[in-house]
Amino acid sequence: MYSKGLKPLAIATVLTTAGALALVFFYAPLDADQGFVQKIFYVHVPMAIVALGGFVAGGIMAIKHLRSGDPSWDLRSYVAIHQSIILGVGVLITGSIWARASWGHWWVWDEPVLVSFLVVFLLYCVYYPLRFSIEDPDRQARYSSVFAITAGAFVPLNFVAVRLAEAYTHPRVLSQTGGSLPGEMRLTFLVSLLAMGLLFVTLWKLELTSKHASAQLRRLKRRLADRRPAAVA
Amino acid sequence: MPALPLDEAGKYVAGAYVVFFTLIVVYVAIMGAKIARIDRQLTELNELVEDE
């Protein structure tokens, strides 16, 4: 069901990631201001964009679940949020490393982009205890969907609020004027973003396939146990 | 701050990329272990059905 197209997607992900790495280290020029440290940008920023996109996608899938009542949309939403949290851990660690190399500090509390991402990350960390504290599967799916929609709406609001903030110490990459990236850096960034997006979708489909197979196995075991209780137990 | 020299900047860049790839490798290893467990349980069920 979910495994359709997984193999070509995985191959495309590996090839695009390899291409992105080649562009990062052999094509993109060194940044005049930050030098070699700026290479962190090509992993940190795409990871942040895809993580935030995953949170929003989780909210959209949760809307589909509440509208249709189909539990598969809840599963899709859960896996998207789960993967975005994993990427979020990566964003916070790589961002911290970059901050240390560029600004001399592991964390800067008066930097709106850093703190807002941390707020979004911590907000989504609440999703797990909320979801798994409810035993009834229907209620669990419904409550999780409501949380995913509310938190998903908060992500773009948070993004706009940060853009409106006065302190602009964090570099702007994507803007209405085209940002400040030269052509080679822009191409490298876009390929890195594509690779990160493909990686997210591949791992999302992989986890969905695993969870679907696991659920089918449980159903099969129950049916067999009904037929031959002693054999399966 | 002025740009760090290459030898010093290298360890930060390597650190960031190692963090990213470690996350992915650990995630894929966990998924691999889960899929292997499903495969083992399916084999056991299959043997059980064949014995009937």
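No experiment lies behind these values; they were computed from the predicted model shown. Just so we're on the same page: letters track the sequence lines, and every chain starts at 1.
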Using non-hydrogen atoms and a 4.5 Å limit, figure out which bit of B/I38 sits close to chain A: side chain, backbone, both or neither. both
Is A/V24 close to chain B through its backbone or its side chain, or both, or neither, when contacts mean heavy atoms under 4.5 Å?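 Interface part for A/V24: side chain.
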Okay, side chain of B/Y12, backbone of A/I40: is any donor-acceptor separation there less than 3.5 Å? no
Taking C-beta and beyond as the side chain, do B/V28 and A/L203 meet within less than 4.5 Å on heavy atoms? yes
From A/L199 CG over to B/Y27 OH, what is the distance, rounded to the nearest 0.5 angstrom?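 Nearest 0.5 Å value for the CG-OH distance: 9.5 Å.
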Smallest separation among heavy atoms of A/L217 and B/L42, with atom names: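 Taking A/L217 first and B/L42 second, the nearest heavy atoms are CD1-CD2, 3.5 Å.
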Around atom CZ of A/F26, are there more than 12 heavy atoms of other residues, nucleotides or ligands at under 6.0 Å?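 Check fails, neighbour count at 12 or below.
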A/T209 side chain near B/I35 side chain, heavy-atom distance below 4.5 Å: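 Not in contact.
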If you look at every heavy atom in A/M47 and B/F20, which pair is closest and at what distance? SD-CD1, 3.6 Å
Which bit of B/I24 comes within less than 4.5 Å of chain A, counting heavy atoms only: side chain, backbone, both or neither?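 Looking at B/I24, just its side chain touches chain A.
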Can you name the closest pair of heavy atoms from A/L206 and B/M31 and give their distance? O-CE, 3.8 Å
Of all the heavy-atom pairs spanning A/F36 and B/A9, show the shortest one and how long it is.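 Looks like CB-CB, 4.0 Å.
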Answer with side chain, backbone, both or neither: which region of A/Q216 has an atom nearer than 4.5 Å to a non-hydrogen atom of chain B? neither
Which heavy atom of A/I97 sits nearest to which heavy atom of B/G15, and what is that distance? CD1-C, 3.9 Å
As a quick check of understanding, evaluate side chain to side chain contact (heavy atoms under 4.5 Å, CB included) for A/V43 and B/V19, giving each step before the final call. CA-CA 10 Å; A/V43 68; B/V19 164; over 6 Å; no
